[in-house]
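Remarks on the structure that follows.
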Amino acid sequence: MSTKQKYWFPAKRYGWGWGMPSSWQGWCVLLAYLMLLILAVILKLPDHQPLLFWSGFGLLSLTFLIICWRKGEPTQWRWGEK
């Protein structure tokens, strides 16, 4: 059995943060995040209820960031290969 942890989001090679998902779980989280944001725009929440839209956007983004932090590779400033 392998004890190596499988990250959903690998660290970027350059800069700080995470790159595109590397597992199906990461892709599901990313697609759910994008679909919920698109749904809010389709429902025209930015025009009719801007406070609800921006608070929802903030909450969704914070949730997505927390998932990336917990399931992603540890981040640090990177500048190419080690």
Side-chain angles (χ1 to χ4, degrees):
M1 262 201 176
S2 175
T3 59
K4 185 178 178 186
Q5 183 177 2
K6 174 92 166 108
Y7 294 114
W8 293 3
F9 301 94
K12 290 169 52 174
R13 182 175 294 186
Y14 294 96
W16 188 89
W18 302 277
M20 295 302 286
S22 61
S23 69
W24 67 269
Q25 296 96 332
W27 281 106
C28 288
V29 169
L30 177 62
L31 289 176
Y33 172 72
L34 293 175
M35 287 184 351
L36 288 170
L37 288 179
I38 290 169
L39 180 65
V41 171
I42 289 173
L43 294 175
K44 300 198 184 301
L45 289 180
D47 296 334
H48 300 295
Q49 297 174 330
L51 182 61
L52 178 64
F53 174 76
W54 288 110
S55 60
F57 175 78
L59 184 63
L60 275 175
S61 297
L62 181 63
T63 303
F64 183 65
L65 182 66
I66 290 170
I67 292 171
C68 288
W69 193 275
R70 293 194 51 148
K71 296 296 186 177
E73 189 174 357
T75 60
Q76 64 183 12
W77 184 261
R78 298 171 193 260
W79 194 254
E81 297 295 324
K82 291 183 179 179

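Atom CG of L37 is separated from atom CD1 of I42 by 11.0 Å, given to the nearest 0.5 angstrom.
With a 4.5 Å cut-off on side-chain heavy atoms, Q49 and L43 do not count as touching.
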Cut-off 3.5 Å, no hydrogens considered: what does the side-chain donor-acceptor table look like for residues 64-72, sequence neighbours left out?
none

Could you go through residues 53-61 and list every donor-acceptor pair under 3.5 Å that involves a side-chain atom there, pairing it with any protein atom two or more places apart or in another chain?
{"unit_1": "S55", "atom_1": "OG", "unit_2": "L51", "atom_2": "O", "d": "2.9"}
{"unit_1": "S55", "atom_1": "OG", "unit_2": "L52", "atom_2": "O", "d": "3.1"}
{"unit_1": "S61", "atom_1": "OG", "unit_2": "Y33", "atom_2": "OH", "d": "2.9"}
{"unit_1": "S61", "atom_1": "OG", "unit_2": "F57", "atom_2": "O", "d": "2.9"}

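Residues satisfying the ring pair (Phe, Tyr, Trp, His ring centres under 6.0 Å) criterion with W16, sequence neighbours excluded, are W18.
Using a 4.5 Å cut-off between side-chain heavy atoms of Ile, Leu, Val, Met, Phe, Trp and Tyr, with links allowed through other members, L34 and M20 fall into the same hydrophobic cluster.
The residue from Y7, F9, W8 that alone fulfils the side chain to side chain contact (heavy atoms under 4.5 Å, CB included) condition with E73 is Y7.
Within the 3.5 Å criterion, the main-chain N or O of T75 finds no donor-acceptor partner in the side chain of K12.
The two residues A11 and P74 have their closest heavy-atom pair at CB-O, 4.1 Å.
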